[in-house]
Structure formats: structure tokens, C-alpha cells
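Reading through the C-alpha cells given below for one structure.
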Amino acid sequence: MKKFDKERVLLGLAAPLLAIVAAFLVTALVLAATGKEPFSAFGIMFDYGVKSDSQVYIINKATTYYLAGLAVAIGFRMNLFNIGVDGQYRLAAFFAAALGGALTLPGFLQIPLIIITAMIVGAMWAGIAGVLKVTRGVSEVVATIMLNMIATAIIGYLLQPGRLGHLDSAGTKVSTTPLPESARFFDFPTQPDPVWGFLIVAVLAGVAYWFTLSRTRFGFDLRTVGQSGSAAEASGVNVKRMVVTSMLISGAMAGLIGMPTLLNDSYEYSGDFPVGIGFTGIAIALLGRNHPVGIALGALLWGFLERGTGKLEFEGYDKEIVGVIQGVIVLCVVIAYEVVRRYGLKRQQRQVGEKLAAQARNSDNQEVSA
Amino acid sequence: GQSSTEAGGSDEGKLKVGMAYDVGGRGDNSFNDSAARGLDKAKGEYKAETKELTAKSGETPADREQRLASLAEGGYNPVVGVGFAYKDAIDKVSAKYPKTTFGLIDSASEQKNVASIVFTEEQGSYLAGVAAALKSKDGKVGFIGGVDLPLIKKFAAGFRKGALDTNPKADVTVQYLSTGTDLSGFGAPDKGRAAAKGMLDKGVDVIFAAAGGSGAGAIEAVAAKPGTWAIGVDSDQAKDPALAKYSNSIMTSVVKNVDSGVFDLITSVKDGKPKTGTNSYSLAEDGVSLTTTGDHLKDIQAKLDEAKKKIVDGSIKVPTTL
Amino acid sequence: MRRGTVHALVGENGAGKSTLMKILYGMQKPDEGTISVNGEPAVFHNPGDAIDRGIGMVHQHFMLADYLTVLENVVLGSEKLHGIGDKARQKIREISDAYGLGVRPDVLVEDLGVADRQRVEILKVLYRGARILILDEPTAVLVPQEVDALFDNLRELKAEGLTVIFISHKLGEVLSVADDITVIRRGTTVGSADPKTVTTKQLAELMVGSELPSPETRESTVTEVPMLTVDGLRLTATDPDGVVRAVLDGVSFTIHKGEVLGIAGVEGNGQSELVEAVMGMRVLDTGTVTLDGDDISRTPTRRRREAGIGVVPEDRHRHGLLLEAPLWENRILGHVSEKPNSKGAFLDLKAARADTERIVREYDVRTPGIEVTAASLSGGNQQKLIVGREMSHQPKLLIAAHPTRGVDVGAQAQIWDQIREARREGLAVLLISADLDELIGLSDTLRVMYRGRLVADADPASITPEELGSAMTGAATGHLEHPADSAPEDEAR
Amino acid sequence: MSATATSTPPPAAPKVSGGKGGRSRLSLPVVLLIVAGGLIALSAVRAITGAQDLTSAGQISAALSMAVPIGLAGLGGLWAERAGVVNIGLEGMMILGTFFGAWAGWQTSPWIGVLAGVLGGMFGGLLHAVATVTFGVDHIISGIAINILALGVTTYFAKLWFNTGEAAERGGSPKQSPPSEDITSITVPGVSDWLHSLEGRHWFLVSDVAGILGGLVTNLSLLTIVAVLLFAGTFWVLWKTPFGLRLRSCGENPIAAESLGVNVYTYKYIAVIVSGGLAGLGGAFLSLVTSHIYNEGQTGGRGYIGLAAMIFGNWRPGGLAMGAGLFGFADALQLRAGGSSVHALLLLLTIALVALGAWKLYRKSYLTAAISLVIAAGTLVWYLGTDTVPTEFVSATPYVVTLLVLSLSAQRLRMPKADGMRYRKGQGK
Ligand SMILES: Nc1ncnc2c1ncn2[C@@H]1O[C@H](COP(=O)(O)OP(=O)(O)OP(=O)(O)O)[C@@H](O)[C@H]1O
Ligand SMILES: Nc1ncnc2c1ncn2[C@@H]1O[C@H](COP(=O)(O)OP(=O)(O)OP(=O)(O)O)[C@@H](O)[C@H]1O
Ligand SMILES: [Mg+2]
Ligand SMILES: [Mg+2]
């Protein structure tokens, strides 16, 4: 059986590697076709990506992406497509920032309060889609897309001077009231730039995700629903409740996405708070195959690509190439995973069939000789 | 490991200017382009070495910090952040590079080594309002804002005040194309067109569109209805090749002369007396103005000059919010 | 095969009958060998080729699109013949009348019962002008009366000069309708038989190479202690049009310790819903379910299973297994909250694995190990795993829905033995099966379900499948008495 | 997938009405009656509130041009899903359409641009087909990947192609293409003016009808006419031809289709590529008709909205057209008159809710009735107490309405039975 496993690991690694190689090939072709020299571009990206400040940047970026990947992955493990992570984290970060700006408590109270607010808001927003799905049969894909748009409108309405918005002194930027010093999360004093302390929370979230899914009854039930809703139902899982619960958890996790930025970086929610990370999360969850370690690697890869292409612009390339690389990676990776999955399944069936046939032959022979 | 920028080291003596554009970057026929013109001028006159980087949509404050830091670290001085989105990033990065002068367009920073360059958009818009009210047949004028951001609201406020001061019976319709954090209103000409048509259908005959890329749609709609006027924004839109077909319908454009702000800053650094604090480019120093391409303002120029004088001497205070 | 005959193909489960037919029909490619039609060699790359050569097939599982009309289902793929409009409709009516199929072209297939669907399938084949008709287990889902009607249709087809290939496990049927019989085993032809001379017993032995096991239960172990009591059960469902219909109504019965209660009925008469109601997967409208003295009518499924309900589901792929998960995870499925699978809120992977090994050993699940996915096991081995899993938790009540469907004779006997053994120790069994012999042989009490109601009961010691069949179509109700003298003829499978 | 093959027969309890009775499909007279009722209510609201723009020709014309891209995207979704492939990549295919449409459009003629946009979309469709049909990737996942890829590729090439050389001189920028020529618009001569004057009278109902008709005959882009024809054509092809029957059978039961000699892969490929082409056309419409340039982010999620409109329309062209029309109407209303027209609609909403409440009361579902009436009272208070609606609410209106409609009717919707399922050749048992 051990050998079996080793081959499975190999197969598991084959897919993402294939995809990344394919992506770089395609990108090289695109670069070459548009009259740029591809290999020095990759050289620049790589050299730059391994510099110490780049590493800090990548880790900080990856912290956010990792949380996004986890939030999406929870849904995916359930076969739920939470396209709404995007709206959930924005709404969550917005309310958390508004609350954080309004209060001045000691840090040990205020920071958890902000984080919990974000998680609750994210969970509630995702929960709407969950409830609509189980009670009214509305596809979560459509519901979460609508909710994303509605979240944008709500934030737009509330983020106005006179409501929850706060106009800066130059009169050009509205944001929530900036968080007081006490509400800022700690940094690791790395050089030259600090690594965000929220990394710790992300790591903990990853461990919790792994442990819950693979070591607890709840996680087993959740995965069961993801693999076969009908079998889960028959096995005693309350599928409807599980749908709502996992949407809530996914939303709560989504609530964390905006926190590294809010608590370690911007300290306020304004019009330029990052958008679209929910969709990045989808890409990263796909890349990491919903596995906590895989998602981490995916998040780091994304951070690396963004860092590296930032340098490309410095060297006269168009940094928009990063979109091409990322897009190709995602498309290749989903295809590669599927091909490998199917191949693995077929191969295993065949192996099992052959082994059993061999056993049967052996026993037949023995009977004959007996 | 090694830091990416350690090799940098600033070679004193040579003027190196770093520009960090907002989304859109050089070539946007608008705000960023205006800043780029200032840079180009410095390049021509001072033989400055330049480096231009551009923001992309959906980035985080950290991305902007990284961009500014890499320029500062690369020995570029001054480093200019184009757009108020750079405010927080400049606050942070300027503290790390005290010897570098930073320029911040459209926002104000308290840091010692930051020169904030702000414009009184409302004053330019006020003049546009005056022009609109004068040119309109029955005082129905419209304002189309891309997104209801404070910056755009400044335009709206000035425009409305100008129109009402000129014609107390004027009817000013204000319409935004998207709201809040949804910035799609800056890049949706179809929405601009629909909004403009809505106004035109109601008898509005002068429309001021401060809506980025969406403005093209509004101008197109106006051009399709004879006897109506559009007012452009940010750059002289009558000269925009993309709008060449409609240039006869563009009465004027409210421009912010970001280029002079940028050029002045570069000059001050070159002269060894870097600007700091808030540098307001108002109507008085032609920081904002109306363009006259096509000479459509000839008949009302006197009244405009009068309004300008009043603003400059302070007898008219233009509001910045509606 | 001769023209104008009915040629039967028999063989145990998984012998390769369907596979052979799929090759004939161009859905699979043979590795070697040739096919000749009317003396000419033929190569089929896809079903289209086979259709062109006049071969039509009615599949073991219906191949109908529910949301399309009968007309659309029939003309699909052969639109060139008569278009998709009125001409086609006319033609369908003609064929339907000619063979007495009674098919209405404009109803949605969704609204049809099994027998009607089957007739649509046959019409589909005839519409294409097929001269060779393959019927893969057409009778599996029909009651005897419907089977007779089908056979009448077949004889008519034969009279028209069509050739029919007929696959069935029910050897009695085979003997009554076939002109020739071919027996296959493990993918090769092992012999042929003449239906006029051969007996079902001989045929069966030819099929499996040994004597057939019988499901008969000898001694009775029924006690007086009620284990499961279902009283006044009513269950309604709302269809997409918002119409509320009762799928179960007034269902009451009691199963005692050590008793096997068999429910007979044509599929779709509420048996699945009954199982789901007892398992707690459906909310009852009225009625109570009592297990071992406790009212569990409102108890969730998980708790009912913990309380001692074991389930062998009717569709193991949908309800009994996680196909892409390893065997040990499948062992946890359904019993995640019980020992040895978990301790408190946490899984106990080690114990679960060890126990899976035990099940594999004790229940003779043929597998190279417990890390392989359930999908890579054969159907029978999957079923053995499920039975082993359910029996490992000492259930008080076992719900067994078609426990030996798609399972070979060896495994079948094993599963019957296990049920009997547990019954001896006081297990109550709710048995649902389409295999009437299994039902009669294994049950202590028999009830017949028709349109959501229990309409008849019978004594398994004296009832024949025919009598049961007539009750299943609603033709007979109440207590089915059997004339005492005539001993039931052995209608072996 | 065996689920599709082993369909369980329906419970045999007697059905109230046999055969086709009681199907959720509305008959034509009923639809017309509903439309008429809606029109009367709208007209009454206009008369009461004086929000003349509600049914003006300008409003309808704007609504139409806002609806067309959504409708085309939805139509793309319809083709794909009727063949059993969920296409959430419509957004990406639309982006390709806007980009390539504008790219070819500014250099040559707009009609060539349209063609390029369609081809761009078809390329996206092809990718989706390869991933989902050939490789069996989950449809949603593949769609998302395509959206990411399309955005990345167009952003990169926009910078390369629109910000250099002649393109830049003609007004291109990294985010924007140079403008292309107009596609001809037609106005039915006399009729349009006559309707316009009729509309100006503000007569109850008459002016409304005149406004609506006027909007439909004034300044109608030829491409809009093409879009309308595509709707009719889609209905005809999918429901009235053998090809359409085969295609739909792949969405209902591919295994059955395969067993009858239908090459399911081929049909799925065709459907998904056509789907991409339609989405691409929707994109080209955006960058060539409603504006003459490509702008980054121009699609603004319309691909997703198209998908929602299609579900809203129960996977049928007529319903989809209604859904797209609703979105277009709401968009146009918001852009043209902002708060005040939508404020008038509050009254319409009140009327609708009261009607719903009454109906539910009649059907004896008291809870729903009570909820509707309470909300109706709320909206009435809102209507009376304010005179405009914040623009943010207005812009969210279509999404909220979609959610509401879906949650009221999702159970009645019926998607193709094998929609979204992964199908492999020869998997039938
Ligand atoms: N290409 C193949 N290679 C190996 N084994 C195969 C292949 N195709 C089918 N089989 C196996 O051959 C066996 C024959 O299955 P088939 O469905 O033909 O049996 P059957 O006689 O129709 O049984 P049933 O009575 O259950 O319908 C099955 O075990 C199937 O998994
Ligand atoms: N290509 C292949 N080559 C060899 N063996 C295969 C292949 N594909 C599947 N098998 C094996 O064939 C079996 C398929 O199971 P299937 O359910 O079809 O068996 P079956 O003959 O119907 O058995 P049962 O009678 O127990 O249902 C499995 O053991 C599987 O591992
Ligand atoms: Mg078979
Ligand atoms: Mg089998």
C-alpha cells in the first residue's frame, strides 16, 4: 500500500507542476510574439522575487490570499460555489473598520472585537445565500453574485461623509474613521520591512481548517456532503443545515480576508481598499486543490508573481503580463487536475482489477493442484 | 537574504524623477497624462532621468508603498504620487526616506518632505457653471459625475454654484454613474451616454461630464443633438483624438494643470529648494482653468473673466460640497 | 441467431451480457472478434452505425429524457425519417396502434410509469425500423401481468419477422418466451440450451457452474417483542406545479424482533419514501414511528442510526458510498458518531482503519487494501462492504432495500446468510426487493405496497409470485389467500 | 451521472390532472394578460406621480440598449446550458468580445469589429468546451478560470495594442481603444414622430404605449435588430429543428442521446462555442454600439447578470428576454432620472405587493399574505415620506429584485436535467 501512496503523491504534484510549466511556456510565447525577450523577464522576476524585501512583501500578500483561498475552499469542499467571498470580505472589513474607528478600547479588547465583527458580518452575508439555497432553492452561484453587487451598493451608501464615512483634510478621500493606535495589530520587526503579525492568524486558520476537515466528525460530515449529497443525507447528515453552516464558516473566514490590510496596513476602509480578492481566492483554492498546504503554496505563488511583475515594469516590460500568467496557470491547473484525477482513478481501478484477477488465478491454481 | 534595492544607491548630481501614476497611467488622455506632460517638460529642459510606474486596479496600499519605495530606493528624487490614492503610502514611505522629496497630487500630507499639490477643482467648475448658465437657452443644465467621490462632488458643487449665481432660475440636474467603491462609472461610456440622453430628453442643453472615460459617451450624446453643449474635464477634450468627431459640441473643458504642479516641484528640487507643505494651485495661479479650443467662449469671455476676478479676490467663495 | 426468433441470453450478474450487447450496439469497441449481420461482417463505431444496420436496443436502464415529450424522445437521432413534427407524430401513432403499445406522443416522459416508459423504449426502436431488437432485462421492473403484456408484444414482433435478443435473470420467463438460449459466464459462451427441453434448474447450473442457492428461511425466529412500529404514516410531496400529492398514506405495520417484513411492490409506489421516512430523511405529515419502544417520529436521521437502524440502500452509489473516498472512509460513513470511528467530536482514524480491515476480512470483500477508492471495487464487493459496515453496529433494525441487486450468486448467498443469522439474534428487518423469490424466501411476513398504501398482505409460506404480482398492480387487495392444495411451482431465478 | 440513466419513475399516486395540465409554462393569453396588467399599473403610477420618464421613448430606447448585451450574454448561457454545460465564463467571453470588437472595429469597419468580437467570444467558448467537454473539468471552475484568463489577456494586449503607434494617436490608451465608426441606426420615419407627439400628451395608457413603441422604433441600431433576430432564431433553432432537439437532448439526458447515435461531444462543442460567440457579440455591442470604444472593465459583470437573467427566464428565450429587459429597464431608469423615477416605482412596488398579498390571502397562505402586506405598507410609507431614493439603492435594485424573484420562484424553475453534469462518452450502463 505504501508504494501506492507514493505514486499518488507523485501524481498529485504532477498536476500543478505541469500547469505552471505550461503557463510559463504560454507566457514565453506571448512575450516572444509581442517582441519581448521572455527569458530575461523570468530571470528578472526570479532574481527580484528572492530578495529579502520581496520575501516580506510576498508573505504579507500571501497572508491575505491564503485567507481568501481558505474561505473559498471551505465552500468547494462542500461542493458549494461561494462566488460571494468578494462581497463578504468587503462588507465585513467595512463594518469592522467602522466599528474599530468608532471605539477606543484597550488593544486586547478592541482587536478581537474588530476581528469578530468582521467574521460575523462576513458570515451573515454568506448566510443569506445559504439560507436562500436551502429554503428557496436559489443557486448559491447566482445568489452570491447578486449579493456581491448589493454589498457594493451598501458600502457605497454608508461610506459617505455624514454616514459612516470620514472626509480627509484634503477633501478628496472618504474613509472610515482611522483606527486608533491601540487597534493596530503587531508586526514582526523584520528588516527592511515588517512582516504583518496577522500572518499568525492566517497560519492558525489554516491549521484549524486542516484539523477540522480531516480529524473531526464535523469535518467528515462536511466532506461527505461535498462528495455526495445523497450519501450524506442517508448517512445522517442534515445536509441543509450543513449548507448553511458551511456558508457561515466560509463567510466568517471571508471576514478575515480584509483584516491583514485593515489591522496591519491601511487602518481604515476607504475607496481604495483592495477589491476582487474573493476572486483571487477562487483561483488560489483551485490551485491549491483545497488543501491547506496547497493553498499556502498557491498564495505564495500569487504573491511572487505580483512582486516579480512589479519589477518587470521597472525594467521596461508590461506588468500586465501577470494577468496572462495567472489566467493561464488557473486554466491549465484545473485541466491538469482533472486529467490526473481521472487517470488516477482509472489506473487504480485497473490495478485493483488486475490484482484481484491475479489472486483469483492463484487460488484457482491451488485448487486445481490440490 | 539580500534586499532588492540595496544595489540602488543614489548617485548625487543627476536629476532623477520618479513618477507613480494612478490607474490608467500615461496615455489616459486625462489626469495622468497631464502629470506626464509636466514630467516630459522637465525631461526636456533639465535632461532629467525619469522612471514611470503605474498602478493597476484592485491593488492594496502595500502595492503603492512598494512602488514609491522602489523609486525612492532607486535614487529618484523627487518621487511623485499621482492621485489621492497615494496619500497613505506617501505618508509611510516619506518617513522612511527623509532625504527624498515626495510629491502628492490631489491630497495633503503632513510629512515634512512631502509637497502636496492640490487643485481647486470647484473654482474651475464654477466657471464652467457660469458658462453653462449663460449658454443654456432656458437654464436647464446638467452635471454627470463618474462616481460620487468627494473629488467629483467638488466639481459638482462648483458647477452648481456657478450656474445658480449666474442664473438664479437655473435648474441643475446632477447624476452619478456609479456610487461608492464601484468605480465602473469612470469607464462606462454607455452609461455616460444614457445619462446624458436622459438629461437631453428633459430639455437640458448644457452638460458638464466629470466622469473619466464615461464622459466620451456623454459628449457623443450631446453631439447627436444640435444646439446643445458638452463641457469636458481634466484635459482639453476638444483636442482628444478619440473625440475629434464631436469637438464642435465641446464648449470648453475644465482642466487641472497638473503638469505645472509637477514641473514646479521638479524645478524646486533641481534648484535645491524642495517645496514642502500644501501647494494649492487655484484659479489665481492658473492651476485650474477653462480651455478655449474652438473659441466657443468668445461671446461670454467677459463675464467669465469677471467671475474669475471675484473668485480670485475672494468675494465669491466656492463651496466644495453640495 | 435466426431471423424471426426470440433469442435469450442468460448469465449471472456481471457475466458480460450487457457488455456484449453494448458491443453489438456500437457503444463499446471489442478488442477482437467479428460481428456479422445478415451474413455480412459489420463494424460499429457508434450506435448510429448499429441503427443503420437495423439493430435497436432497449437498455437495462431506460434511456429517456424526462423533460422531453415522448415524441421528442422517439424521433431523437432519427429526425431524417419523418421529421420532428406532425408526420412523426402520425407515424408514432401508427406503430403504437399496430403493436398495441398505447403510446401517447405528446406527454412528457416524466409523467409516465415504468411500463409506459418501456413501451416508449420499444417504440423508439421500432420507429427506426429495427429488424433486430435487443432487450436488456426488460422485465426486471415489471410485474408479472405487465411481463405477460410485454411478451405478447414480443410474439407479435416475432410474427412480423423481427429478431429479438432478450436478456433476463428470470429463467421461467426465458423458457416461456425464448426460441433459443445462450448461456454466458465470465464473458464467454459456456453453452446453449433448447427451451423446450431444458429446466430452469439445469439452466441455472449452467449459468453458475454449480447449484443455485435458495433464499428460503427454514425455521421461524419471530418473537412477540415489537421492534419497529409504524403507525398511520402519511407523507406528501409537492411537485413542480405546486400540486400536493400523498406519496405515502395510512401506512401502518409492526416488525418484531427476529422478524423479516417484506414489502412487495412495483418500483415507485412509495417504497423508497417509506425507507426515507423510517430513516428520518423525510418529515412526516402524520403518523408515528416507534423503535424499540421509543417514539422516533421527530428524531433526526443521525440519532436514529445511532439508536440502531442499519441501512442497505437501494442505490448504493447514491446513498451508500463515497465513490472517490478510500474504503476506510466509507466504513465511517453513516456511523461517524459511533465507536470505533470517533471519540467525542474527533475521528479515531486508527481504529476506523483497523475495523475496516476486519470487515474486509470477515465479509470477504475482494480488495487489495483499504486505501483503494470504493469506485474501484466491483458492485458485489461494494455491497459486501456496506452490509459489513451496517452489521458491525449491531443494528436493532435493518432496512434492506434490494440487498442483492446486481450481486453475483456467491455474494448473494452470503448476504442472505448474514441477514438470517442476525435475525436469529433478534434483528428486525424491513426488506424491500423487486426479486419476488428473494422476498418470499426471506420474509416472515409480506405486505404489498401500491400507490403509497399497504393494500395487501400475504403469507410467504404459501404465496406465489404471480399472486403477489397481481396485488402489486392493484388487482387484488386484502389478505391474499392461496388455494391450499397447489404447491407453489419453483419459479427459480 | 448514473442518476440520469436510472431515473426513478414518478410516485404512482394519481395525478390531479393528466398529461400536460398544470405545467408551469404559461400560455400566451396569460402572458399577454400579465403584460397588459403590468402596463396599466405602470401607466397609472406614471399618471399619479408625474414621473413621465417611466415609459418615455428615451427610457425605453435606453433600456433596450442596456438590455441587449445582457440578453445576448444570457442567450449564450441558454445555448450552453440547454446542451448541459453551465457557462459562468460568459463574463470572460464578453470581455473578449468588447476587446476584439473594438480592436478590429477601429482599424476597419464596425461590422468587421462585430465579427471579431464574435470570434473572440467563440475562442473563449472553445476553451470552455475543451476544458469541460473534452477534459471534464467542473463547469463552474472552468468558467471562473476563463474569466480570469480573459481579463488578464485583454489587459495585457490593450496596453500593447492601444497605447502605441497609430492607436495612441487616435486616442487609444492602456485602458481604452481608439473610437470606431458608428453602426447604422434606423428610425422609422413618420411613425416615430407621430408616436413621439402622442407620448407628449401624457394620456393614460395611450401615451405609455406610444412611448414604448416609440422607443422601439427610434434610433434602433442594426445590431439591436440582429440581437432580436437572434432571440427569435434561437427559439426556432432549439425548439423547432432536429438540430435543436439533439442539442437539447444533450442537456436533458446525454446518455440517452448517445444511445440514439447523437454525437454528444459535437453538440456540446457547438453549443458552447455558439454560447461564447453570443457573449462575444454582447461584448462587441458594448464596445461598438453603446460606446464606440473599448474600456477596461466595460462589461461590469454583465456576463453574470446575463446568466441570472437566463435563470430568471427559466432557461427559455422569452423569459430571458423579459429578465434582460427588466435589468435594462432598471439600469436605464437609474441612469436617466436617478432617484425620482425609482421613487415612483416604490408606488408600483406597493401595488404589486398588495396584489400579491390579496392573491395569497385568496390562496389561504396567510403568512405570506401578511408579510407582503406589511412590506407593502412599509414601501408606501417610504414613498409618502420621501421624494427620492438614494442612488445606491437604485443601483442595487435589479440585484435585489433578482434575488427576490429567484427566491419566490426558484422551485418552479426547471433547468435542463443534466445541466452542469460532467458527461463522458460511454459512461452509460
Ligand atoms: N473494458 C472492460 N474491461 C474489463 N472489464 C470490463 C470492461 N467492460 C466491462 N467490464 C466488466 O465486465 C463485467 C460485465 O458486465 P455486464 O454489465 O456486461 O454484465 P451483465 O451480464 O449485463 O450483468 P447484469 O446481470 O448485472 O446486468 C462487469 O464486471 C464490468 O465491470
Ligand atoms: N479497464 C479495466 N481493466 C481491468 N479491470 C477493470 C477495468 N475497469 C474496471 N475494472 C474492474 O472491474 C470491476 C468492475 O466492477 P463491476 O461493478 O462492473 O463488477 P461486476 O462484474 O458487475 O461485479 P459484481 O457482480 O460484483 O457487481 C472492478 O473490480 C474494477 O476494478
Ligand atoms: Mg446487464
Ligand atoms: Mg455488476
Side-chain angles (χ1 to χ4, degrees), chain A residues 47-57 60-61 64 90 94 149 152-161 165 167-175 178 191-193 196 260-261 264-277 279-280 306-307 310-311 313-314 319-320 322-323, chain B residues 1-7 22-23 51-67 69-71 73-74 83-89 92 96 104-110 116 118 121-122 147-154 176 178-184 278 320-321:
Chain A
D47 286 345
Y48 189 62
V50 298
K51 298 280 165 64
S52 64
D53 52 348
S54 295
Q55 287 167 5
V56 169
Y57 172 94
N60 287 345
K61 274 254 143 158
T64 299
R90 284 187 284 121
F94 171 72
M149 312 273 192
T152 306
I154 292 178
I155 296 173
Y157 177 72
L158 292 175
L159 190 62
Q160 298 280 357
L167 198 58
D168 75 346
S169 55
T172 42
K173 180 173 155 185
V174 257
S175 63
Q191 285 305 325
D193 297 310
W196 296 344
T261 307
N264 274 115
D265 188 15
S266 71
Y267 310 120
E268 65 188 13
Y269 189 102
S270 64
D272 60 354
F273 201 83
V275 295
I277 295 182
F279 292 97
T280 310
E306 278 167 15
R307 177 70 176 184
K311 180 67 176 179
E313 189 186 23
F314 221 95
K319 69 170 178 317
E320 283 76 8
V322 69
Chain B
Q2 196 194 11
S3 164
S4 63
T5 41
E6 270 160 25
D22 205 345
V23 178
K51 177 62 75 185
E52 300 163 77
L53 303 178
T54 307
K56 64 181 193 333
S57 6
E59 58 180 25
T60 61
D63 293 313
R64 286 183 278 270
E65 281 161 37
Q66 183 219 341
R67 186 168 305 115
S70 64
L71 288 169
E73 195 67 53
F84 65 83
Y86 279 103
K87 154 104 172 44
D88 292 344
K92 280 194 193 161
K96 270 201 254 169
L104 172 60
I105 315 276
D106 268 357
S107 188
S109 167
E110 260 92 71
S116 306
V118 296
E121 294 87 357
E122 68 281 4
V147 185
D148 61 349
L149 301 176
L151 187 67
I152 301 300
K153 285 183 172 167
K154 268 188 181 177
Y176 298 102
S178 73
T179 59
T181 53
D182 171 14
L183 302 183
S184 66
T278 302
T320 55
T321 50

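Lettering of chains follows the sequences in order, A, B, ..., and the numbering in each one begins at 1. The shown structure was predicted, so the numbers you read here are calculated from the model rather than taken from an experiment.
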(request) Enter the distance from A:Asp53:CG to B:Gln66:CD here, rounded to the nearest 0.5 Å. (result) 8.0 Å

(request) Would you mind checking which part of B:Ser109 comes under 4.5 Å of any heavy atom in chain A, side chain (CB onward), backbone (N, CA, C, O), both or neither? (result) neither

(request) Select one option (side chain, backbone, both, neither) describing which atoms of A:Phe279 are under 4.5 Å from chain B's heavy atoms. (result) neither

(message) Measuring from atom CG of A:Asp168 to atom CZ of B:Phe84, what distance do you get when rounded to the nearest 0.5 angstrom?
(response) 8.5 Å

(message) At a 4.5 Å cut-off on heavy atoms, which part of B:Ser107 comes close to chain A: side chain, backbone, both, or neither?
(response) both

(request) Can you tell which part of A:Asp193 gets under 4.5 Å to a heavy atom of chain B, answering side chain, backbone, both or neither? (result) side chain

(message) Would A:Glu320 and B:Lys56 count as a side-chain contact (heavy atoms from CB on, under 4.5 Å) here? Give the steps.
(response) CA-CA 8 Å; A:Glu320 283 76 8; B:Lys56 64 181 193 333; 5.6 Å; no

(request) Among the options A:Ser266, A:Ala153, A:Gly49, A:Gly156, pick out the one with the most heavy-atom pairs lying under 4.5 Å from chain B. (result) A:Gly156

(message) Please tell me whether A:Tyr57 and B:Asp63 have a donor and an acceptor in their side chains that are separated by less than 3.5 angstrom.
(response) yes

(request) Would you please say whether a donor-acceptor pair under 3.5 Å links the side chains of A:Gln160 and B:Asp148? (result) yes

(request) Apply ring pair (Phe, Tyr, Trp, His ring centres under 6.0 Å) to A:Tyr157 and list each qualifying residue two or more places apart in sequence or on a separate chain. (result) D:Phe393

(request) Look at B:Ala62, B:Pro150, B:Ser178 and state which one has the largest set of heavy-atom pairs under 4.5 Å with chain A. (result) B:Pro150

(request) Can you sort out the partners of B:Glu52 under side-chain hydrogen bond (donor to acceptor under 3.5 Å, both in side chains), two or more places apart, ordered by chain and number? (result) B:Tyr21, B:Arg26

(message) So which atom in B:Pro61 and which in A:Asp265 form the shortest heavy-atom distance, rounded to 0.1 Å?
(response) CB-OD2, 3.5 Å

(request) Could you tell me whether a side-chain N or O of B:Asp182 sits under 3.5 Å from a main-chain N or O of A:Thr152, the two making a donor and an acceptor? (result) no

(message) Under a 4.0 Å threshold between the charged nitrogen and the carboxylate oxygen, would B:Asp88 count as salt-bridged to A:Lys173?
(response) yes

(request) Any chance you could measure B:Thr179, atom OG1, to A:Ile154, atom CD1, to the nearest 0.5 Å? (result) 11.0 Å

(request) Measure B:Leu53 against the heavy atoms of chain A and call it side chain, backbone, both or neither at under 4.5 Å. (result) both

(message) Using a 4.5 angstrom heavy-atom cutoff, name the option from B:Lys154, B:Lys153, B:Lys92 with the most pairs to chain A.
(response) B:Lys92

